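Written below as structure tokens is the structure these notes are about.
Counting starts at 1 for both ligands and their atoms, following the listed order. All values derive from a computational prediction rather than experimental measurement.
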Amino acid sequence: MRAGGFWSAYARVYDTIWDSPLTGELARCVHALLPGSGVVVDLGCGTGLMARGVGARVVGVDSEPAMLDRALREGRIEEGRHALAEASGLPDACAQAVLVCNVLHFHPNPAAVVAEARRLCTKGAILVLTWPVPGLDTDDLLRWDRIHGRDRLDAWWAHLLRSSIGIRSAVTRAVTVSAPDSSALIDADDVVLSDGVVAGCQHLLALRV
Ligand SMILES: C[S@@+](CC[C@H](N)C(=O)[O-])C[C@H]1O[C@@H](n2cnc3c(N)ncnc32)[C@H](O)[C@@H]1O
């Protein structure tokens, strides 16, 4: 993977940027779709912000140890697996729900990640896929944070960090971003539980598979 160093640098500031009202709002929408028991696998779990408090046993999978360390230390996931989202090494049909949040838009092979997520699902499991809406920029996110009550200093600090991570990514070409096509992710047998935008910022596609 050509992202070398990018995700470990991001891990140091991830919560400072994203432990925010926006993430809280997205997590609430995601949790409302989940069974609340059984096993939830979170592919590309990061620091576990999306799985936090989900009320099920969460297995977090991430390629960046520093992200997993934080998720475990904060008690947001029960088990951390250092592996690729597209090749988790977990057994077939081991999860009542699988989350793929904020991963598909930068992953070089999003179809492989979705295929892996489907492999992990039991029959009738919930598959949740989220990604940022195209065109969203750091100023939009700052505005959103402020309107939704994030403390001014916190919001500006997050804004500065988000901008510098963005610059680092652009300069090093660590990740390139392109939003997936929602309809291409849906199989004929899926039941679509949600296919829309949360808070004007995040596409949320939830399927019963
Ligand atoms: C933008 S963060 C999203 C974290 C979390 N899902 C959330 O929504 O807060 C992307 C995460 O994917 C991880 N990642 C990047 N490429 C990966 C891959 N191929 N397999 C597994 N994790 C990966 C990064 O280390 C990072 O923790």
Notebook entry, point to check: Is the W7 to F106 ring centre distance short of 6.0 Å?
Noted result: yes
Margin query: Could you tell me, atom by atom, which parts of ligand 1 come under 4.0 Å of a heavy atom of G46?
Written below: 4 (C), 27 (O)
Checklist line | Per-atom contacts, ligand 1 versus A83 - under 4.0 Å to a heavy atom | finding: 21 (C)
Next item on the list: Please check if the side chain of R208 supplies one atom and the backbone of G124 the other of a donor-acceptor pair under 3.5 Å.
Entry: yes
Notebook entry, point to check: Does any pair with a residue in residues 195-205 pass side-chain hydrogen bond (donor to acceptor under 3.5 Å, both in side chains), and if so which ones, sequence neighbours excluded?
Noted result: N102-Q202, T130-Q202, S182-D195, D195-H203
Check: If you measure from each non-hydrogen atom of Y10 to ligand 1, which part falls under 4.0 Å: side chain, backbone, both or neither?
Finding: neither
Margin query: Need the ligand 1 atom indices (1-based, order shown) with element for anything under 4.0 Å from a heavy-atom of E64.
Written below: 25 (O)
Checklist line | Contacting atoms of ligand 1, where contact means under 4.0 angstrom from a heavy atom of F106 | finding: 10 (C), 12 (O), 15 (C), 16 (N)
Note to self: I'd like to check which ligand 1 atoms, numbered from 1 as shown, lie under 4.0 Å from a non-hydrogen atom of A85.
What the structure shows: 18 (C), 20 (N), 21 (C)
Margin query: Testing the basics here: between E78 and A56, what is the closest heavy-atom pair and its distance to 0.1 Å?
Written below: OE1-O, 3.5 Å
Item checked: Part of A11 within contact of ligand 1 (heavy atoms, under 4.0 Å) -> neither
Notebook entry, point to check: Closest heavy-atom contact between L136 and G200?
Noted result: CD1-O, 4.2 Å
Notebook entry, point to check: At a 4.0 Å threshold, what atoms of ligand 1 neighbour a non-hydrogen atom of H107?
Noted result: 19 (N)
Next item on the list: Please list, chain by chain and in numerical order, all residues satisfying salt bridge (Lys or Arg N to Asp or Glu O under 4.0 Å) with E25, sequence neighbours excluded.
Entry: R28
